[in-house]
Amino acid sequence: MNKRDTSNSPTAPAASHHVLHPLPYAENALEPIITANTIGFHYGKHHKGYVDNLNKLILGTEYVGLSLEKIIIGTAGRSDKTAIFNNAAQIWNHAFYWKSMKSKGGGEPPAALKQKMESSFGSVDTCKKALSNAAVSQFGSGWGWLVLDSDKLKVVISANADIPLTTGMKPLLAIDVWEHAYYLDYQNRRADYINAVLEKLINWEFALKNAS
Ligand code: MN3
């Protein structure tokens with residue numbers, strides 16, 4: 001998540017600041033479910049903004065050179081570090097969200113994930129419904145998550161930048177429900193956006209990889 005990822009380059013500078021990693025696909029790859037227009041603003045302005053803000057906020061602090069995860073864990077719940085936490089967590093959340101989707105996603109989850117969904121929720125449909133309902137119900141800005149809690153799949157929601165990592169749960173998938181994620185394409189129809197993501201874009205292979 002941070003500059004250490006470039007350490008295989010002999011000219012890579014020290015891990016002093018965070019970078020905006022490329023999207024895992026082209027900006028128009030998720031059309032027509034999420035348009036290039038939405039991704040352009042969401043990635044190019046919002047996600048980039050969090051990276052730029054974090055780099056400014058940590059200048060001269062003990063957080064320089066730390067991984068994103070260490071910054072997130074170290075600032076979570078600290079009222080004097082809210083801005084650093086928010087920007088660091090939003091960088092993590094967005095990088096994770098982009099990978100939670102892919103062109104021609106959705107459909108049947110891989111067998112190993114399907115089995116986990118059935119043992120935790122009874123069926124794949126119940127699991128998807130739980131995730132959809134939770135994400136729709138989040139009041140205001142936030143995130144819908146599929147997580148692994150011990151060995152059980154769970155659906156959780158988080159407000160604003162909050163992230164299940166700080167409570168010991170392992171994120172498998174994230175759905176951004178901030179209005180900037182869907183308003184240009186769906187206006188106020190958050191449920192339509194979420195259900196379209198779950199049916200057409202969700203990357204079950206990514207979830208399985210995170211669960212292993
Ligand atoms: Mn967002």
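No hydrogens, no waters, no symmetry mates; every other heavy atom, side chains included, goes into these values. Atoms within a ligand are numbered from 1 in the order they appear, just like the ligands themselves.
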Ignoring hydrogens and angles, state whether a donor on the side chain of N203 or S100 is under 3.5 Å from an acceptor on the partner side chain.
no
Classify the side-chain pair N195/S132 by whether it contains a donor and acceptor separated by less than 3.5 Å.
yes
H42 near the Mn ion (ligand 1): N/O/S under 2.8 Å
yes
Under 2.8 Å from the Mn ion (ligand 1), is there any N, O or S atom belonging to H94?
yes
Taking just the N, O or S atoms of D176, which one is nearest to the Mn ion (ligand 1)?
OD2
For H94, which of W178, W143, Y43 qualifies under ring-ring contact (aromatic ring centres under 6.0 Å, His included)?
W143
Is there a donor-acceptor pair under 3.5 Å between the side chain of Q138 and the backbone N or O of S141?
yes
